[in-house]
J.: 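The following block contains the structure, expressed as structure tokens.
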Amino acid sequence: MTDATIIDGKAFSEALVTRIAEKASALSAKIGRPPALAVVLVGNDPASGVYVRNKIERTTAAGMTSIEHRLEADTSQDSLLALIDDLNNDDAVDGILVQLPLPDQIDEAAVINAITPDKDVDGFHVVNAGRLATGQDALVPCTPYGCLLLLRDHLGSLSGLNAVVIGRSNIVGKPMAQLLLQESCTVTIAHSRTRDLQDVCAAADIVVAAVGRPEMITGDFIKPGATVIDVGINRVPAPERGEGKFRLTGDVDYTSAVAKAGAITPVPGGVGPMTIACLLRNTLVAAARRFDAGPMEI
Ligand code: GUN
């Protein structure tokens, strides 16, 4: 069997961002200003700092406005909720993103559900989760939407295919399963308590791995020719690169899976770049909806 097609999420996301930037420019002309995203970071988590900086840079590069709010690690829930209230009522803000995780004194669900659903560009609000689950117009979480765009691009119609989503988080696993169901896949959600995961995966035409366990899904799990989407981004020691060095790896053992799969996303360069592209897409969609500027299908 020949090696799998490598699904190039970096190239796909760059083309997508180019289209989003064109639409953002047309929308700016219509509404008199660029679409605007407010990004809220609480505390000093280094990884969150890197993600937020990336999101801000990419938003600006796509011709949209980024409004940054950095709050101290000891910020109270009430002050954060007061900021969300201001942003909800600010006409110059189209999208609101609160970077997770939040410090322990703050209830994440309370904060997420305080964001006006129509500005909830992460798609985490319970109203957006409900809209997605019932087939209504929703802002959809960015990472699963990015996975769906890659799957559609590679496979065309997904109708009737067996899909296994490994992971049941609110951010990836559950919305991914809803999106695949909407595409008429037969969907199984597997997780840490699933028995015989290997047998479950062996029947899958599509495997989406979002477990957060480095290289857990090996080639033995993959049906020959299946499409494998690796959502994991794990930092693991790489002594072969020198003392104290690390490398990034997915939830899929790439070397063994690439020999079995029909197509596979690499890490890095697969799903990762799609997440920010879909955040920009959601910001554009939110702005267009707020100003009744017509559908923004991308
Ligand atoms: N932390 C890790 N992933 C995400 C994400 O997609 N959105 C937000 N807001 N925080 C995150």
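These numbers come from the heavy atoms of this one structure, side chains and all, not from hydrogens, waters or symmetry mates. Everything quoted here is computed from the prediction, not taken from an experiment. Counting starts at 1 for both ligands and their atoms, following the listed order.
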J.: Side chains of S76 and Q105, heavy atoms from C-beta outward: is any pair under 4.5 Å?
T.: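 Of all side-chain heavy-atom pairs linking Q105 with S76, none is under 4.5 Å.
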J.: Which protein residues have a heavy atom closer than 4.0 Å to any atom of ligand 1, listed by chain and number?
T.: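 The 4.0 Å shell around ligand 1 contains K55, L97, V98, Q99, L100, D122, F124.
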J.: Taking atom types as modelled, is there a side-chain donor on T275 or T143 under 3.5 Å from an acceptor on the other?
T.: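 Short answer, yes.
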J.: Would you check if the side chain of E68 reaches a backbone N or O of R53 as a donor-acceptor pair within less than 3.5 Å?
T.: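 Between the backbone of R53 and the side chain of E68 there is no qualifying donor-acceptor contact (under 3.5 Å).
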J.: Checking side-chain polar atoms at under 3.5 Å, does T116 have a donor or acceptor matched by the opposite partner on N88?
T.: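 A donor-acceptor contact under 3.5 Å links the two side chains.
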J.: For S25 and S28, does a side-chain donor sit closer than 3.5 Å to a side-chain acceptor?
T.: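 On atom types as modelled, these side chains do not qualify, holding no pair under 3.5 Å.
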J.: Enumerate the salt bridge (charged side-chain N to carboxylate O under 4.0 Å, His left out) contacts for residues 127-140, please, sequence neighbours excluded, ordered by first and then second residue.
T.: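 The answer is D118-R131.
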